[in-house]
S.K.: 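The following block contains the structure, expressed as structure tokens.
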Amino acid sequence: MEERYQLNKNLAQMLKGGVIMDVTNVEQAKIAENAGAVAVMALERVPADIRREGGVARMSDPKMIREIKAAVSIPVMAKVRIGHFVEAQILEAIGIDYIDESEVLTPADDENHIDKSTFKIPFVCGARNLGEALRRIGEGASMIRTKGEAGTGDVIEAVRHMRTMTSDMRRVQTASQMELMHIAKEFGAPFDLIKYVHDNGKLPVVNFAAGGIATPADAALMMQLGVDGVFVGSGIFKSGNPAKRAKAIVEAVTYYDDAVKLAKISEDLGPAMVGINIEDIPAENHLANRGW
Amino acid sequence: MKTIGVLALQGAVAEHLDKLEQIGTAGKKVRTINELQQIDGLIIPGGESTAIGKLLDDFALTEPLEKLIKDGLPVWGTCAGMILLAKRICGQEKTYLNAMDISVRRNAYGGQLDSFITTCQIPAIASGKLPLVFIRAPYIQDIGKTVKILAEVGENIVAARQDNMLVTSFHPELTHVDDFHKYFRQMCCQ
């Protein structure tokens, strides 16, 4: 299983500098691939619609996921509910490339996440801070994404989570060996992983940004804050011109530190998704608070 | 001293740059035509060939790079990089840099559950056995007359060289060995 975990972390490394896009059907998956997405996330409703329509959000129909898998050559990911290990078993059985144990779906367990180390298939999980990221890695996640607040088109939470992660890492790095156990206790994180961050100054897995990215500038902002790549959910297919915006966000992630190119990339994209300000969402409806 | 570029449009760029640093060679991220002029060799890393290929086209890098390779710039494509260098890609019309006389099969082994690690003796590269990491890897289906096979795993060609071009289906940058990077540096010095 050690070798399998290594291979799964390696696949995430191949996605770096890339954009993973939410798609709800074959047509959107092809648009995403043609725009230069490095992977697609197959789901029935994008987060903005889950938020609006409410109800229990579950794993997508395996048939729809298989159709998308057959239509594109890039890796296909799909979401399972937090703690729903049978949904994960089903996705593993259809040979998907990556599972997202996601707070965007309605949690199935209010205490435990899936024991990801028992699966051959790789998992990505959301995190708001270093402790949460290391708990998920401790359970076997081979890739992390900052949670942000999905379906809002408001980037503020993604920024908050990445800044928190970075400042947590700085604290671990500059702490003395003697302080690490206390930090592990405070963060609720496995000691060996705190030690890893202390010694290496980085997470042991790739870290993408997610939740609220709607423009090329948002994507470049997250890259400059130090993430390895971005997930874009509702931001593309809830905008005026999905194909054009998808392509622009891909380009912005490559040239994230070149303002002249970013200016050109950002031109004439049509309307972005309307979005919801995070202050207008009551705290109990924040998806990022799901996950333990 | 020679400078080896790593095409930094998407993919596992940092891993190659780290290896170059380890063997004491200057590495450089390459994203523009200007940067293409400042290097003595280029590594095209693993990633998604569709994404990297599209960025090459959209930022008008395909033609200048194609010309540099034709004029003898040493290049090494790992995984996606192999697909980008190939003259023929099974099951599709679209090719990218049209450089090396090989036919490659994308995702030849299947999805992520079919990714694997193995070891192999590659005399051209090193005397001992080398660890080979295959991630959703391609392999070479067919080669032209002037292409030299460097390694085969099972029935399939997974590493080859033609003049100034080197390709590997697998990812030496993800292992502890640096023999491939040293071999490529040698190519850049010839």
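Given the structure is predicted, the values throughout are model-derived calculations rather than measurements. So you know, we letter chains A, B, ... as the sequences are listed, proteins then strands, and number each from 1.
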S.K.: Which bit of B/Ala80 comes within less than 4.5 Å of chain A, counting heavy atoms only: side chain, backbone, both or neither?
M.R.: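 The answer is neither part of B/Ala80.
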
S.K.: Would you call A/Lys116 and A/Glu139 a salt bridge, taking side-chain N to carboxylate O under 4.0 Å as the test?
M.R.: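 Salt bridge: yes.
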
S.K.: Name the region of B/Leu9, side chain, backbone, both or neither, that has any atom closer than 4.5 Å to a heavy atom of chain A.
M.R.: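 Both parts, heavy atoms under 4.5 Å.
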
S.K.: Not counting sequence neighbours, list each pair that qualifies as a ring pair (Phe, Tyr, Trp, His ring centres under 6.0 Å) and has a residue in residues 27-57 of chain B.
M.R.: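 For residues 27-57 of chain B: none.
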
S.K.: Do A/Glu44 and A/Ser60 pass the side chain to side chain donor-acceptor pair (under 3.5 Å) test, and can you show the C-alpha distance, the side-chain angles, and the key distance before you say yes or no?
M.R.: CA-CA 6 Å; A/Glu44 269 159 13; A/Ser60 301; 4.6 Å; no

S.K.: Looking only at heavy atoms, which of residues 217-236 of chain A get nearer than 4.5 Å to chain B?
M.R.: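 The stretch does not come within 4.5 Å of chain B.
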
S.K.: Under 4.5 Å heavy-atom distance to chain A, tell me which part of B/Phe134 shows up: side chain, backbone, both or neither.
M.R.: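 For B/Phe134, backbone heavy atoms alone lie under 4.5 Å from chain A.
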
S.K.: Would the distance check show the side chain of A/Glu33 and the main-chain N or O of A/Ser73 forming a donor-acceptor pair, the cut-off being under 3.5 Å?
M.R.: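 Looks like yes, one N/O pair under 3.5 Å.
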
S.K.: Given heavy-atom pairs under 4.5 angstrom as the criterion, report whether the side chain, backbone, both or neither of B/Arg106 touches chain A.
M.R.: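 Just the side chain, heavy atoms under 4.5 Å.
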
S.K.: Considering heavy atoms only, which positions within residues 252-261 of chain A lie below 4.5 Å of chain B?
M.R.: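 Only A/Thr254, A/Tyr255, A/Tyr256, A/Asp257, A/Lys261 of residues 252-261 of chain A have a heavy atom under 4.5 Å from chain B.
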
S.K.: Chain A heavy atoms under 4.5 Å from B/Leu174: which part of the residue, side chain, backbone, both or neither?
M.R.: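 For B/Leu174, the side chain is the part near chain A, not the backbone.
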
S.K.: Heavy-atom distance under 4.5 Å to chain A: side chain of B/Lys94, backbone, both or neither?
M.R.: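 B/Lys94 has no heavy atom closer than 4.5 Å to chain A.
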
S.K.: When only heavy atoms count and the cut-off is under 4.5 Å, which of residues 16-28 of chain A reach chain B?
M.R.: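 Heavy-atom contacts from residues 16-28 of chain A to chain B are A/Lys16, A/Gly17, A/Gly18.
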
